[in-house]
Amino acid sequence: MKNIAVIGAGTMGNGIAHTFAQSGFKVNLIDISDTSLKRGMETIIRNLDRMVAKEKITEADKSETLSHISTFTNTEEGVKNTDLVVEAATENLDLKLKIFKQLDDVCSEKTILATNTSSISITQIAAVTSRPEKVIGMHFMNPVPIMKLVEIIRGYNTSEEVTTTVMELSKTLGKTPTEVNDYPGFVANRILMPMINESIETLYNGVAGVEEIDTVMKLGMAHPMGPLQLADFIGLDVCLSILNVMYDGFKNPKYAPCPLLVNMVMAGKLGVKSGEGFYDYAESRKAEVVSKQFSK
């Protein structure tokens, strides 16, 4: 397996492309616009520069990594002769189903189709293809070049051969693949999102403020960042989408999104990506200033 295509040049997509390219794979990064591709490549270059500055890689390593990445706005051209396609588009079911129908039509029969979905059913995605045995979940963690975990989600029809291939492939990236079964939220988000949602409920009910909630979890539970800061980092729209998938999938009220989260997403307060969420990121991407809405 040498040739990889990545669908989507956003936060997860460019991180996945970066990781494969740095491990010596030829990567075709695909997005619908040149602007998105340019922004994605700028992020990869910036992240590589940061690694050079920290002396984790050399300038030669950076140049070699970049030489492994090609960009495409045409999906059919971008997936030609690829061994694996990793879809990392927006967490939207209809969009993913549309992408996988297209991939099934234009990819070689040997190509494995993977999705980086953080919550949507692999079995449901695979069902729109003629190769469900070759469809699998590869849920990378953000930031992809740094985080070691990859959740490998086996759909109902995913073959043993494909599962083994993707597990071994993940190891060549320096990752730790962990196989889980195909249920809403898988493992990572089934545990993480209710915690984030309960943290938002705690704020919503006036139990404590933003900084206080995050401080309790950081110092009391040894979390590297508080749940509200983490929600901002993930994107409040993404958190809401995942909670909705789990609520729809389990029909259990414990997964119902907090009204405060719903309102913030509707108001466009999405966290780091929009410049404001529970914290204000106007001056810095670090969570140092609580949003005026929640400041005392």
Applying salt bridge (Lys or Arg N to Asp or Glu O under 4.0 Å), name anything that partners Arg154, two or more places apart in sequence or on another chain. Glu160, Glu179
Please identify each residue that fulfils salt bridge (Lys or Arg N to Asp or Glu O under 4.0 Å) with Lys175, with sequence neighbours left out. none
Closest contact, heavy atoms only, [X] versus [Y]:
X      : Y      : value
Glu151 : Ala188 : OE2-N, 3.0 Å
Ile213 : Pro227 : CG2-CG, 4.3 Å
Gly277 : Leu236 : CA-CD1, 4.4 Å
Lys218 : Pro224 : CD-O, 4.1 Å
Phe233 : Met225 : CB-SD, 4.5 Å
Ser23  : Thr172 : OG-O, 4.0 Å

What residue among Thr129, Ile112, Val85 forms side-chain contact (heavy atoms from CB on, under 4.5 Å) with Cys107? Val85
Report the distance from atom [atom1] of [X] to atom [atom2] of [Y], rounding to the nearest 0.5 Å.
X      : Y      : atom1 : atom2 : result
Asp104 : Ile99  : CG    : CD1   : 13.5 Å
Cys239 : Asn244 : SG    : CG    : 11.5 Å
Leu97  : Ile120 : CG    : CD1   : 8.0 Å
Thr11  : Lys273 : OG1   : NZ    : 7.0 Å
Asn181 : Ile153 : CG    : CD1   : 10.0 Å
Thr123 : Tyr156 : OG1   : OH    : 9.0 Å

Short side-chain to backbone donor-acceptor contact, [X] and [Y], under 3.5 Å:
X      : Y      : value
Asn205 : Glu201 : yes
Asn142 : Met12  : no
Thr82  : Asn3   : no
Asn189 : Ser119 : no
Ser274 : Gly271 : yes
Asp232 : Phe278 : yes

Check: [Y] and [X] side chains under 4.5 Å, non-hydrogen atoms:
X      : Y      : answer
Cys258 : Tyr204 : yes
Leu203 : Val210 : yes
Met51  : Gln22  : yes
Glu211 : Asp214 : no
Met167 : Thr163 : yes
Asn252 : Lys254 : yes
Thr58  : Val52  : no
Ile136 : Ile152 : yes

More than 12 heavy atoms of other groups within 6.0 Å of [X] [atom1]:
X      : atom1 : value
Asp49  : CG    : yes
Phe294 : CZ    : yes
Glu212 : CD    : yes
Tyr247 : OH    : no
Lys26  : NZ    : no
Glu76  : CD    : no
Ile32  : CD1   : no

Go through the steps for Ser33 and Ser36 under the test side-chain hydrogen bond (donor to acceptor under 3.5 Å, both in side chains), then give the verdict. CA-CA 5 Å; Ser33 75; Ser36 297; 2.9 Å; yes
Stepwise side-chain contact (heavy atoms from CB on, under 4.5 Å) check, Met41 with Asn14: CA-CA 7 Å; Met41 289 304 301; Asn14 69 60; over 6 Å; no
Between Asn28 and Ile4, is the side-chain contact (heavy atoms from CB on, under 4.5 Å) condition met? List the steps. CA-CA 6 Å; Asn28 291 346; Ile4 311 295; over 6 Å; no
Could you go through the side-chain hydrogen bond (donor to acceptor under 3.5 Å, both in side chains) check for Ser241 and Glu91 one step at a time? CA-CA 7 Å; Ser241 174; Glu91 192 73 350; 5.5 Å; no
[X] and [Y]: same hydrophobic cluster, using ILVMFWY side-chain contacts below 4.5 Å?
X      : Y      : answer
Met141 : Val187 : no
Met221 : Ile234 : yes
Met266 : Ile196 : yes
Ile122 : Leu95  : yes
Ile242 : Leu228 : yes

Can you tell whether the side chains of [X] and [Y] come within less than 4.0 Å, N to carboxylate O?
X      : Y      : answer
Lys171 : Glu168 : yes
Asp83  : Lys110 : yes
Asp61  : Lys56  : no
Glu109 : Lys134 : no

Would you please indicate yes or no on a ring centroid separation below 6.0 angstrom for Phe25 and Phe20? yes
What do the steps show when you test Thr117 against His139 for side-chain contact (heavy atoms from CB on, under 4.5 Å), and what is the final call? CA-CA 6 Å; Thr117 180; His139 180 207; over 6 Å; no
Consider only side-chain N and O atoms of Asp280 and Ser291, and report whether a donor and an acceptor are under 3.5 Å apart. no
With side-chain contact (heavy atoms from CB on, under 4.5 Å) as the test, would you mind laying out the steps for Leu48 and Thr65 before giving the verdict? CA-CA 9 Å; Leu48 287 168; Thr65 296; 4.1 Å; yes
